[in-house]
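There's a structure below that I have some questions on.
Naming convention: chains lettered A, B, ... in sequence-line order (proteins, then strands); numbering from 1 in each chain.
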Protein chains: 2
Amino acid sequence: MSDRELIVKHLGLRGHRVTGSRRRVLDALLAAPAHFTVDDVLQRAPGVGRATVFRTMKLLQDMNVVCRVLMEDGSLHYRLSTTGHHHHLLCRHCGRIEDFVNCDVSALVTELSSNTEFEIEGHWLEVYGRCQSCRARSAGPADKRAIGSAADVG
Amino acid sequence: MSDRELIVKHLGLRGHRVTGSRRRVLDALLAAPAHFTVDDVLQRAPGVGRATVFRTMKLLQDMNVVCRVLMEDGSLHYRLSTTGHHHHLLCRHCGRIEDFVNCDVSALVTELSSNTEFEIEGHWLEVYGRCQSCRARSAGPADKRAIGSAADVG
DNA sequence: ACTCTAACTGATACTTAGTCTCATGTCAGA
DNA sequence: TCTGACATGAGACTAAGTATCAGTTAGAGT
Ligand SMILES: [Zn+2]
Ligand SMILES: [Zn+2]
Ligand SMILES: [Zn+2]
Ligand SMILES: [Zn+2]
């Protein structure tokens with residue numbers, strides 16, 4: 001069973017209708033590159049209305065089919081996702097993204113909980129850097145896929 | 001020397017002009033509550049143009065006078081800041097914010113660096129939860145200062 | 001004090017991201 | 001196949017921010 005069929009099935013099971021527009025949006029983002037904007041989807045899903053694309057993205061997000069990625073310039077991209085909670089490592093230089101799930105964010109949270117009087121319920125974390133292949137062909141000038149002024153650089 | 005005088009002096013030293021508009025924006029945000037939007041500033045700085053407020057906020061941000069806070073609903077707020085890199089603990093229930101600087105994010109970064117082949121250059125982290133006083137008067141219904149659907153809840 | 005100019009300004013038009021409304025269309029269960 | 005709740009597209013609208021530009025001004029140099 002293809003990715004698309006799986007998702008469609010999942011939609012059905014959750015009581016959502018499987019409509020033409022939703023199928024076109026799905027096809028669009030399954031064919032899209034590793035991360036993309038709502039606008040990318042709009043252009044790849046001909047005939048589907050703007051509002052519908054936004055609505056569908058939100059639906060898929062709630063279903064963990066896609067996740068949102070906060071780019072360093074503050075814009076939001078989307079990415080196919082299977083797992084629930086996880087974080088991203090973004091290469092500033094080539095735009096590549098890797099997920100990390102098993103990393104010890106929970107240790108940080110635990111530490112914070114005991115240091116402060118807050119009860120921690122959630123968090124948002126994105127990490128920016130330079131991937132292996134970009135390090136390899138290093139001293140080259142960075143391209144523009146992940147520009148940043150919004151970065152909380154640490 | 002007052003906060004304002006200090007900042008004004010700092011502006012001057014960095015070669016920025018100290019104009020009426022900038023003074024009005026400064027007064028506005030020094031009088032504002034613990035965190036506020038650009039729009040709040042606009043309303044508290046009568047006569048200052050929209051674009052100028054945005055420009056001034058960016059300037060003050062570059063000077064570490066203010067920092068940006070990513071609310072759980074995705075909107076951006078500002079907050080007076082003195083230190084450079086730090087993170088925020090936001091109470092979802094009363095809107096209170098605490099900074100944390102000394103927390104071991106660097107351990108996480110180090111771990112990530114060795115687990116992945118990324119060279120980590122920056123990150124963005126916000127933490128959401130419930131502050132001590134909100135926990136004290138617990139079972140009460142949450143108010144609406146920090147609503148969230150955008151949360152990356154972990 | 002006077003001049004000069006780069007820095008700054010407000011108005012306004014524009015862009016981008018997303019929401020709302022509403023009349024029309026359609027999926028899927030009976 | 002009927003039917004109505006769900007979904008849709010068009011387009012108006014909001015919110016957040018940027019670009020342009022003609023006019024103003026801070027403040028350095030004299
Ligand atoms: Zn790379
Ligand atoms: Zn940090
Ligand atoms: Zn609280
Ligand atoms: Zn996490």
Side-chain angles (χ1 to χ4, degrees), chain A residues 5 7-29 35-63 66 68-79 144 147-150, chain B residues 5 7-29 35-63 66 68-78 147-150:
Chain A
E5 285 167 327
I7 298 169
V8 163
K9 191 173 175 185
H10 199 182
L11 267 174
L13 288 177
R14 293 257 209 125
H16 299 290
R17 292 193 182 163
V18 178
T19 66
S21 295
R22 284 180 179 167
R23 263 192 283 256
R24 270 172 280 155
V25 167
L26 264 180
D27 288 343
L29 55 84
H35 57 106
F36 48 86
T37 63
V38 171
D39 225 66
D40 292 335
V41 176
L42 247 169
Q43 288 178 2
R44 288 159 177 273
V48 180
R50 211 174 134 59
T52 300
V53 171
F54 276 101
R55 287 186 282 236
T56 306
M57 292 308 287
K58 192 166 287 172
L59 183 64
L60 293 175
Q61 193 183 314
D62 292 344
M63 289 172 53
V66 296
R68 309 195 308 165
V69 182
L70 182 63
M71 306 300 281
E72 245 180 324
D73 67 358
S75 66
L76 273 179
H77 282 216
Y78 289 80
R79 171 176 166 78
K144 294 297 175 192
I147 345 155
S149 68
Chain B
E5 285 167 328
I7 298 169
V8 164
K9 191 174 176 184
H10 198 183
L11 268 173
L13 289 177
R14 293 254 209 129
H16 300 291
R17 291 192 181 164
V18 178
T19 66
S21 295
R22 285 182 178 166
R23 264 191 281 255
R24 269 171 281 155
V25 167
L26 263 180
D27 288 343
L29 56 84
H35 56 107
F36 47 85
T37 63
V38 171
D39 225 66
D40 292 334
V41 176
L42 246 169
Q43 288 178 2
R44 288 159 176 273
V48 181
R50 210 175 134 59
T52 299
V53 171
F54 275 102
R55 288 186 283 237
T56 306
M57 291 309 286
K58 191 168 287 171
L59 183 64
L60 293 176
Q61 193 183 313
D62 291 344
M63 290 173 53
V66 297
R68 309 195 307 166
V69 182
L70 182 63
M71 306 300 282
E72 244 179 326
D73 67 358
S75 66
L76 272 179
H77 282 215
Y78 288 80
I147 345 152
S149 68

CE-CG distance between B:Met57 and B:Leu59, expressed to the nearest 0.5 angstrom
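Separation between the atoms: 10.5 Å.
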To the nearest Å, give me how far apart CZ (B:Arg24) and C1' (D:dT25) are.
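Distance, rounded to whole Å: 13 Å.
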Gap between atoms CZ and C1', on A:Arg14 and D:dC6 respectively (whole Å)
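Distance check: A:Arg14 CZ to D:dC6 C1' gives 17 Å.
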Looking at B:Asp40 and B:Thr37, would you say the former's side chain and the latter's main chain have a donor-acceptor pair under 3.5 Å?
yes
Between A:Leu76 (CG) and C:dT19 (P), how many Å, whole number?
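My rounded result for the distance is 11 Å.
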Does B:Ser21 have a side-chain nitrogen or oxygen under 4.0 Å from the phosphate oxygens OP1 or OP2 of C:dG10?
yes
For B:Arg22 and C:dA7, is the shortest distance between a side-chain N/O and OP1 or OP2 below 4.0 Å?
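For B:Arg22, the contact criterion (side-chain N or O under 4.0 Å from OP1 or OP2 of C:dA7) is not met.
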Between P on C:dG18 and CZ on A:Arg68, what's the gap in Å once rounded to a whole number?
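Distance, rounded to whole Å: 8 Å.
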Taking atom C1' of C:dG18 as reference, at what distance in whole Å does atom CG of A:Leu42 sit?
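Atom CG in A:Leu42 sits about 11 Å away from atom C1' in C:dG18.
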Atom CZ in A:Arg14, atom CE in A:Met63: separation rounded to 0.5 Å?
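So the CZ of A:Arg14 and the CE of A:Met63 are separated by 5.5 Å.
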Near DNA chain D, which residues from residues 50-60 of chain B have a heavy atom under 4.0 Å away?
B:Arg50, B:Ala51, B:Phe54, B:Arg55, B:Lys58
Any chance you could measure A:Leu26, atom CG, to A:Glu5, atom CD, to the nearest 0.5 Å?
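One finds 11.5 Å between CG of A:Leu26 and CD of A:Glu5.
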Using 0.5 Å steps for rounding, measure from the OG1 atom of B:Thr56 to the CG atom of B:Leu29.
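These two atoms lie 9.0 Å from each other.
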Under 3.5 Å, is there a donor on one side chain and an acceptor on the other for A:Ser75 and A:Asp73?
yes
Residues in side chain to side chain donor-acceptor pair (under 3.5 Å) with A:Arg55, at least two apart?
A:Thr52
A:Arg22 (side chain) donor-acceptor with A:Arg17 (main chain) under 3.5 angstrom
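Yes; judged by distance alone, with no hydrogens or angles, the pair exists.
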Can you give one letter per nucleotide of nucleotides 25-30 of chain C, going 5' to 3': B for a protein heavy atom under 4.0 Å from the base, S for sugar-phosphate only, - for none?
-BBS--
